[in-house]
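Let me begin by presenting the structure, written as structure tokens, before commenting on it.
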Amino acid sequence: MCQIKKASSVLQKLFVYGALKYGQPSNSILASSGNGYAKFWCRATTTEKLPLVIATRYNIPFLLNKPGIGYYVTGEIYEVDDRMLNSLDNLEDCQDIYTREKLDMNIGVGEGTVPCWVYLLQKYPEKLLSLPYLSGYENSTTHPYIMRHRRTHKHPAQDDLTYTAQN
């Protein structure tokens, strides 16, 4: 569950696996100081297998909270302040779509794990489990990510999880 805290200068670790990663469509949100502070810390992998899928007509990458299924998912860890976490909670529709939880992330052989915030999809249609699982996300022409400002309000993402692409 998302936790709203007073702004502080304490930095926290955030694991990103989708459109927020470096070189991906939404990374500019992490790069914008107007949203708060964020600095790349390292690459990492989930410590347990989780299903990473691309869903909705907007081709959004979702990490489903279903441990033991899928792959060890690769991503990036950023150090962020509370202001950035609040900005991302708003972006990720925290509580409506995602929840932000702390999970341990593997930072390398012999390096151990580090607890990080991560956005997980808790409530989802079972049919999302039948989509192809990914070990990492890269935006593609096959499934182009649609930026939030280009999405139609007629199909909000939380109502679009049951969308099936027409071939």
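The number of heavy-atom neighbours closer than 6.0 Å to CZ of Phe40, taken from other residues, nucleotides and ligands shown, is above 12.
Put simply, the side chain of Lys123 does not reach to within 4.5 Å of the side chain of Asn65, judged on heavy atoms. For the pair Glu48 and Thr46, the minimum side-chain heavy-atom distance is 4.5 Å or more. With contacts defined as side-chain heavy-atom distances shorter than 4.5 Å, the pair Met105/Thr113 does not qualify. For the pair Leu128 and Leu121, the minimum side-chain heavy-atom distance is below 4.5 Å. Side-chain contact between Val10 and Asp82: absent, with no pair of heavy atoms (C-beta onward) separated by less than 4.5 Å. A heavy-atom distance below 4.5 Å is found between the side chains of Leu63 and Val73. Side-chain contact between Met147 and Ser26: present, with at least one pair of heavy atoms (C-beta onward) separated by less than 4.5 Å.
Between the side chain of Ser32 and the main chain of Ile29, no donor-acceptor pair closer than 3.5 Å is present. Ser87 places a side-chain N or O within donor-acceptor distance of the main-chain N or O of Arg83, the cut-off being under 3.5 Å. Listed for the Thr47 side chain is a donor-acceptor partner under 3.5 Å among the backbone atoms of Asp104. In this structure, the side chain of Lys66 does not engage the main chain of Leu129 through any donor-acceptor pair within 3.5 Å. A donor-acceptor pair is defined here as one N or O able to donate and one able to accept, closer than 3.5 Å; such a pair exists between the side chain of Thr74 and the backbone of Ser135. A donor-acceptor contact shorter than 3.5 Å is absent between the side chain of Ser33 and the backbone of Gly36. Between the side chain of Asn139 and the backbone N or O of Tyr145 there is at least one donor-acceptor pair closer than 3.5 Å.
Shown are Phe62, Tyr124, Trp117; of these, the ring pair (Phe, Tyr, Trp, His ring centres under 6.0 Å) with Tyr98 is made only by Phe62.
Follow the hydrophobic side-chain contacts under 4.5 Å out from Val118 and you reach Ile69 in the same cluster. Placement of Ile77 and Tyr72 in two distinct hydrophobic clusters is found when ILVMFWY residues are connected by side-chain heavy-atom separations under 4.5 Å, directly or transitively.
Between Tyr119 and Phe15, the ring centre distance reaches or exceeds 6.0 Å.
The two residues Pro61 and Ala19 have their closest heavy-atom pair at CG-N, 3.8 Å. The minimum heavy-atom distance linking Gly112 with Asn106 is given by the pair O-OD1, 3.5 Å. The two residues Ala38 and Met84 come nearest to each other via the heavy atoms CB-CE, 3.9 Å. Between Ser28 and Pro25, the shortest heavy-atom contact is OG-O, 4.3 Å. Contact record, Lys102 with Pro115: CD-CB, 4.4 Å, taken as the closest heavy-atom pair.
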Pair Leu103-Leu120, side chain to side chain contact (heavy atoms under 4.5 Å, CB included): steps then yes or no: CA-CA 10 Å; Leu103 295 179; Leu120 297 170; 4.0 Å; yes

Verdict with reasoning, Thr142 to Asn59, per side chain to side chain contact (heavy atoms under 4.5 Å, CB included): CA-CA 10 Å; Thr142 309; Asn59 296 310; over 6 Å; no

Stepwise side chain to side chain contact (heavy atoms under 4.5 Å, CB included) check, Tyr133 with Leu52: CA-CA 5 Å; Tyr133 301 148; Leu52 173 61; over 6 Å; no

Stepwise side chain to side chain contact (heavy atoms under 4.5 Å, CB included) check, Ile54 with Tyr137: CA-CA 9 Å; Ile54 296 175; Tyr137 172 81; 3.9 Å; yes

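Rounded to the nearest 0.5 angstrom, Asn35 CG and Asn90 CG are separated by 9.5 Å. Taken to the nearest 0.5 Å, the CD atom of Glu101 stands 13.5 Å off from the SG atom of Cys116. To the nearest 0.5 Å, atom OG1 of residue Thr45 and atom CD1 of residue Ile107 are 10.5 Å apart. In this structure, CG in Leu64 is found 9.5 Å from CD in Glu126, a value given to the nearest 0.5 Å.
Partners of Tyr78 according to the side-chain hydrogen bond (donor to acceptor under 3.5 Å, both in side chains) rule, which considers only residues two or more places apart in sequence or in another chain, are Asn27, Glu76.
Under the 6.0 Å distance and 45° angle rule, Lys13 counts as a cation-pi partner of Trp41.
Residues Gln12 and Asp81 have side chains that never bring a donor and an acceptor to within less than 3.5 angstrom of each other.
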